[in-house]
Chemist: 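For reference, the structure I am asking about is given below.
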Amino acid sequence: MTEGGAGGGPAAGGGQARGGPAGGGPAGGSPQTSAADGRPGAGRAGPLGDRREAGAHDAVRQARANFVDVHGRNAIVDGSQGDVHLGDHHHYHGTRESFPRLISGAVPRDELRRLRLVFEPPPGYLDLKALLERQRLLALCGDPGTGRGYTTLSLLDEVTRGRVERIDASTELDRITASDLQEGHGYCIEITGDEPVPAERRVRGERGDDEEWRRTAERPAEIHLDRLSRLLDGRDAYAVLVVGVGGFADELLRGRYGRLGRPASADGMLRRHLVALLGHSENDRLEQALALARRPDVVKAMGLDRLRPHEVRTLAGLLVAHLGGETPEDELLAELRLFSHQQAQAWFDAAGRAAPHHRDAPAPAVRQAAFRTAVSVYNGSPYSVAAEAAEQLAWEFAQTTHPERVPGRALFNDHLLARLAATRAELFTGDVTFDDRELATRKVRLQGRSLSWAVLSHVWDEYHNARGPLCRWLRVQCDDDRPMVWIPAAITAGTLCTRDFSFVLEDVLHPMAFSDSVQQRMAAATALAHAAALDEGVRPVVRDLVRGWARFGGEAESVTAALVHGFGTVEPSVSDCLDALGRLAGREEREELDLLAGASFSVARLLAGTEPGTVLRRLGAWMGDRRQNRRNLALFTVDRMVWQRASHLWNLEDAPGLQRHGSWPLIAALLTVRPENTRMMADLVWCGLDTARWREELEISLSEWIRRVEAEPQLLDPICGFLPRLVTSVADAERLRNLVRRLERDPDESLAPATARRLREAIPERPPTTSAGHPTVIRQPDVSGR
C-alpha cells in the first residue's frame with residue numbers, strides 16, 4: 001500500500017502544517033478504491049493512522065494532567081491588608097503582624113533586626129556576598145517574589161552593619177555623584193520595568209523636518225555601572241540593583257555585575273518564620289505546624305512545588321492561626337488554593353503595567369506573558385515546542401496591539417535561566433516517543449501542578465482582549481501534525497470550554513470542525529470530548545451539538561461527530577456510542593471514505609477501553625448486517641484492529657494492561673490482556689479474510705504484524721496462538737501458509753527462517769474437528785461472548 005497522500009486545506013493562520021500536508025486524519029491520503037467498495041485505500045496514512053501518531057498517548061496524558069482543578073475561581077488579590085514592600089513585590093495577606101512599609105531613605109534598624117530572624121540564605125548567597133565586597137556593586141535579577149529584596153537587604157546589612165538606604169527608582173545611575181553617597185552605607189536601588197532610566201533626548205519628528213525634546217528610556221550601559229562602582233569604592237559604600245526580568249536583566253546577566261536571584265529553601269524559611277511567630281520555646285507546636293504543612297491535602301491545596309518567600313510567610317501565619325483555633329481547616333485550604341492564582345494575577349498585572357515597546361519585536365513583557373501562557377499549555381513538553389509556541393503567541397499578541405506592524409523576533413537576547421525562573425519553570429530530561437522508540441529530550445515543566453490552570457483561567461477571565469489572539473494561536477497549534485503540539489492545544493481548548501463554551505465553540509471549534517483538514521476535525525473532536533468529560537453541565541450541550549452534526553451536517557461535521565464518539569464521554573454508554581457510529585456510517589448519502597475511516601478509528605478506541613466485549617459483539621452484528629455500510633464499518637475496524645498500534649489510540653488510562661503493550665498491534669495486546677475475547681476476534685478476522693474485497697488488506701495487516709516480530713520477539717507467541725483459530729478449511733490453512741511463504745521469500749525484507757518455521761508449525765494442516773470428528777466451520781462471528 002502507498003503511504004502518505006494528500007488531504008485537507010491550508011493550516012489555520014495560513015500555510016500548511018509542518019511535517020507533511022495539512023489535513024490527513026483517520027484515513028488521510030487519496031483512496032485507492034471507492035468508498036462503496038468498503039476498501040480502506042490509504043487507511044493507514046494520515047495523522048491518526050501512521051507513525052506520526054507515535055507518542056500521542058503520552059502527549060494526551062500529560063496535557064490532561066495540567067488541568068487538575070478547572071472549577072477553581074481566580075482570586076482577587078487585595079493588597080490593602082498587611083502588604084509589605086521590601087525592595088520586591090511581596091504580598092502578605094491577613095491581619096497578622098507584618099513588616100512596615102518602607103519609604104525612600106534609611107531602612108529602619110528594627111526592620112533589619114526582624115529580617116535577620118526570618119532570612120534563609122538562598123543558594124549561592126556567600127558567592128553573592130563575596131562579589132559585592134569585591135566589586136562594591138551587584139545587580140540581583142529575578143522575578144518579583146523570588147526573595148531578591150530579602151537577599152538584597154540582608155547582603156547590605158551584613159557588609160555595612162545595618163547602614164542601609166533605599167534610593168528612589170527614578171534616580172538616573174549615570175548622574176549619581178560622590179556627594180550623593182554616604183561613607184560606609186549600602187544602597188538598595190530597585191529598577192522597575194524593562195526600560196528603567198529616562199533620559200532627555202532630541203529626536204526628529206515624524207516628517208523629518210522638526211526636532212523636539214522627548215523623554216525616552218535609556219538603559220544604563222556597563223560603563224555607567226563601572227563608574228558607579230568606582231564611586232562606591234571611594235566612599236567605602238555598596239549598592240545592589242534589584243532588577244526585574246526582561247531585556248535589561250538579560251544584558252546585566254551577561255556582564256560582570258548581574259547575577260540571577262534564586263529562592264531559598266522553603267523548608268528552611270518556613271521553620272524560621274514559625275519560630276519567629278511561636279517563639280523558641282514552643283517546640284511541640286513548631287513540630288505540629290511542620291507536620292501540618294507536610295500533610296498531603298495541604299500540599300495538594302497549595303499546588304506549588306517550591307514556595308517563594310512571601311508564600312512561605314503567608315503559610316506560616318495560616319498554620320499558626322489554624323493550630324490556635326482561629327482559622328478552620330476548610331478556610332486554611334481555601335487560602336492555600338489562592339497561591340497559584342495570586343501568582344498568575346501578579347504576573348499579568350505586571351505585564352499590563354509595562355510601557356509600550358518602541359521596537360518592531362514584541363515588548364519583553366509581552367514575550368514573557370506569552371512564554372508563561374505557552375508553558376502552561378505545554379507543561380511537561382519538549383522545551384523547543386514550548387518556546388516556539390511562545391514566540392507564535394507573542395506574535396499574535398503583538399499583531400493584536402499593533403495590527404499595522406509585522407513583528408519580528410529578538411535574537412540572542414534571552415537569558416534562559418532567568419526566563420525560566422520568571423515563569424517558575426525548570427528544565428528536565430524526559431523521553432519523547434518516535435515510532436515507539438524513546439529518545440531523551442530536554443523538556444520544560446512548571447514548578448507546581450496548579451499553575452497551568454491558574455495562568456490560563458486568569459488570562460481568559462480577566463483580559464477579554466487576549467481571547468482573540470489566544471484562540472487564533474490554539475487553532476494554528478492544532479494544525480500541526482505532531483501529537484506533542486496539537487494534542488495539548490486541543491485539550492486546552494476543551495478545558496476553556498468549561499469557562500465560556502459559546503466563545504470557544506465559535507472562535508476555535510467551529511472553524512476546525514468544518515475544516516477540510518481531518519487533522520483539525522480531530523482536534524475539535526478531542527476538545528469537545530474533553531470538555532464533556534470535565535463538566536457535567538457542558539456534556540448535554542456537546543451531546544446535542546454532535547447529534548445535530550450527525551443528522552444534518554455535511555461531510556466535515558459528520559467526520560468530527562464520528563471522532564467525538566470514540567472518546568466515550570458524550571453518550572451515556574459504550575453501547576450508545578456504537579449506536580451513534582452505526583447510524584453515521586449507515587446513511588447512504590454519507591458513504592465517504594473519511595467518514596468510515598473516522599468511525600472505525602472511534603470504534604477501535606472504544607475497543608481499547610473498558611468494554612471490549614461490547615464492541616466485539618457489535619462488530620459481529622454489523623458483520624452480519626445486510627446493509628453494506630454497516631459491514632464496511634465492521635471490516636474497516638477489524639482491519640484497523642490488526643494493524644493499529646494500541647498506543648496510537650491514546651485512551652489507555654482505563655485499560656492499564658494495554659499500556660504495557662502500547663507498541664503492539666491492538667489485537668495482539670487484547671489477546672494478551674483479554675484472552676476471554678479471543679474467539680470473537682478470531683471470528684471477525686476470519687470473516688474479513690473470507691470477504692474477497694477485503695482479503696488482500698487483511699493479509700497486508702497480518703504481514704505487518706508478522707514483520708513486527710523481528711523487532712519485538714514477544715509478539716511471536718500471540719500470533720502463533722491466533723493463526724490456528726483462523727483455519728476452518730484446507731483453503732484457509734493454505735492461504736496462511738502462502739502468506740508466510742511470500743514473506744520468507746521477499747527479496748528485500750525476507751522473514752527470518754526461525755520465525756517462518758515457527759509460524760508454519762503453528763498453522764494446522766487441516767481444520768480442527770469437533771468431538772464428533774466433523775470439521776469446525778465458522779459461519780458468522782460468535783457474538784455471544786463465549
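Just so you know, these numbers come straight off a predicted model, no measurement behind them.
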Chemist: Can you spot which of Thr146, Asp143, Thr314 makes a side-chain hydrogen bond (donor to acceptor under 3.5 Å, both in side chains) with Arg308?
Modeler: Asp143
Chemist: Going by the rule salt bridge (charged side-chain N to carboxylate O under 4.0 Å, His left out), which residues pair with Arg116 if we only count those two or more places apart in sequence or in a different chain?
Modeler: Asp157
Chemist: Taking atom CG of Leu456 and atom CG of Leu470, what is their separation to the nearest 0.5 Å?
Modeler: 7.0 Å
Chemist: Does the side chain of Thr423 come under 3.5 Å of the side chain of Gln368 through a donor N or O and an acceptor N or O?
Modeler: yes
Chemist: At what distance, to the nearest 0.5 angstrom, does CG of Leu231 lie from CG of Asp226?
Modeler: 11.0 Å
Chemist: Kindly give the heavy-atom pair with the smallest separation between Ala369 and Phe348, and that separation in Å.
Modeler: CB-CE2, 3.8 Å
Chemist: If you define the side chain from C-beta out and look only at heavy atoms, does anything of Val320 sit under 4.5 Å from Thr327?
Modeler: no
Chemist: Checking side-chain hydrogen bond (donor to acceptor under 3.5 Å, both in side chains) against Asp236, which of Gln182, His185, Arg136 comes through?
Modeler: Arg136
Chemist: Would you call Arg271 and Glu120 a salt bridge, taking side-chain N to carboxylate O under 4.0 Å as the test?
Modeler: no
Chemist: Quick one: pull up CG in Leu277 and CG in Leu319 and give me the separation to the nearest 0.5 Å.
Modeler: 9.5 Å
Chemist: In sequence, state the C-alpha distance, the side-chain angles, and the governing distance for Gln343 and Trp347, and then conclude on side chain to side chain contact (heavy atoms under 4.5 Å, CB included).
Modeler: CA-CA 6 Å; Gln343 176 65 89; Trp347 278 340; 3.1 Å; yes
Chemist: Would you indicate whether the side-chain heavy atoms of Gln477 and Trp473 approach each other to under 4.5 Å?
Modeler: yes
Chemist: I'd like to check Arg259 versus Leu128 (side-chain heavy atoms, cut-off strictly below 4.5 Å). Are they in contact?
Modeler: yes
Chemist: Are Arg306 and Glu311 close enough for a salt bridge, meaning some N to O gap below 4.0 Å?
Modeler: no
Chemist: Where do Leu140 and Val243 land on the side chain to side chain contact (heavy atoms under 4.5 Å, CB included) test, with the steps shown first?
Modeler: CA-CA 6 Å; Leu140 198 58; Val243 186; over 6 Å; no
Chemist: Working to the nearest 0.5 angstrom, can you tell me the gap between Leu228 CG and Leu241 CG?
Modeler: 7.0 Å
Chemist: Roughly how far apart are His341 NE2 and Asp461 CG, rounded to 0.5 Å?
Modeler: 9.5 Å
Chemist: Please answer whether the main-chain N or O of Thr160 pairs with a side-chain N or O of Arg163 as donor and acceptor at a distance below 3.5 Å.
Modeler: yes
Chemist: Has Arg424 got a side-chain atom pairing as donor or acceptor with Gln447's backbone, closer than 3.5 angstrom?
Modeler: no
Chemist: Which residues pass the side-chain contact (heavy atoms from CB on, under 4.5 Å) test with Gln135, sequence neighbours left out?
Modeler: Leu131, Arg256, Tyr257
Chemist: Evaluate the criterion salt bridge (charged side-chain N to carboxylate O under 4.0 Å, His left out) for residue pair Glu329 and Arg295; output intermediate values, then yes/no.
Modeler: CA-CA 12 Å; Glu329 183 168 314; Arg295 212 170 69 185; 3.1 Å; yes
Chemist: By the definition side chain to side chain contact (heavy atoms under 4.5 Å, CB included), identify the one residue from Leu156, Val107, Val240 that meets it with Cys188.
Modeler: Leu156
Chemist: Taking C-beta and beyond as the side chain, do Thr492 and Thr495 meet within less than 4.5 Å on heavy atoms?
Modeler: no
Chemist: Would you mind reporting whether Val432 and Pro382 have side-chain heavy atoms less than 4.5 Å apart?
Modeler: yes
Chemist: Decide yes or no for Arg272 and Leu117: does some side-chain heavy atom of the first lie under 4.5 Å from some side-chain heavy atom of the second?
Modeler: no
Chemist: By the definition salt bridge (Lys or Arg N to Asp or Glu O under 4.0 Å), identify the one residue from Lys443, Arg262, Arg419, Arg445 that meets it with Glu426.
Modeler: Arg445
Chemist: Going by heavy atoms in the side chains, are Ser154 and Tyr125 under 4.5 Å from each other?
Modeler: yes
Chemist: Of all the heavy-atom pairs spanning Leu451 and Ser340, show the shortest one and how long it is.
Modeler: CD2-CB, 4.1 Å
Chemist: Report yes if some heavy atom in the side chain of Leu153 is under 4.5 Å from a heavy atom in the side chain of Tyr150; otherwise report no.
Modeler: no
Chemist: Show the numbers, then the answer: is there a side chain to side chain contact (heavy atoms under 4.5 Å, CB included) between Val164 and Tyr187?
Modeler: CA-CA 6 Å; Val164 182; Tyr187 295 91; over 6 Å; no
Chemist: Is there a donor in the side chain of Tyr378 and an acceptor in the side chain of Glu388, or the other way round, less than 3.5 Å apart?
Modeler: no
Chemist: Is it true that the side chains of Thr441 and Tyr383 contain a donor and an acceptor less than 3.5 Å apart?
Modeler: no
Chemist: Side chain to side chain contact (heavy atoms under 4.5 Å, CB included), that's the test. Do Arg285 and Leu323 meet it? Break it down for me.
Modeler: CA-CA 8 Å; Arg285 295 189 67 196; Leu323 293 176; 4.2 Å; yes
Chemist: Taking the inter-plane angle between the rings of Tyr463 and His458 on a 0 to 90° scale, is it parallel (under 30°), tilted (30 to 60°) or perpendicular (over 60°)?
Modeler: perpendicular
Chemist: Does the distance from a Lys or Arg side-chain N to an Asp or Glu carboxylate O, for Arg113 and Asp110, drop under 4.0 Å?
Modeler: yes
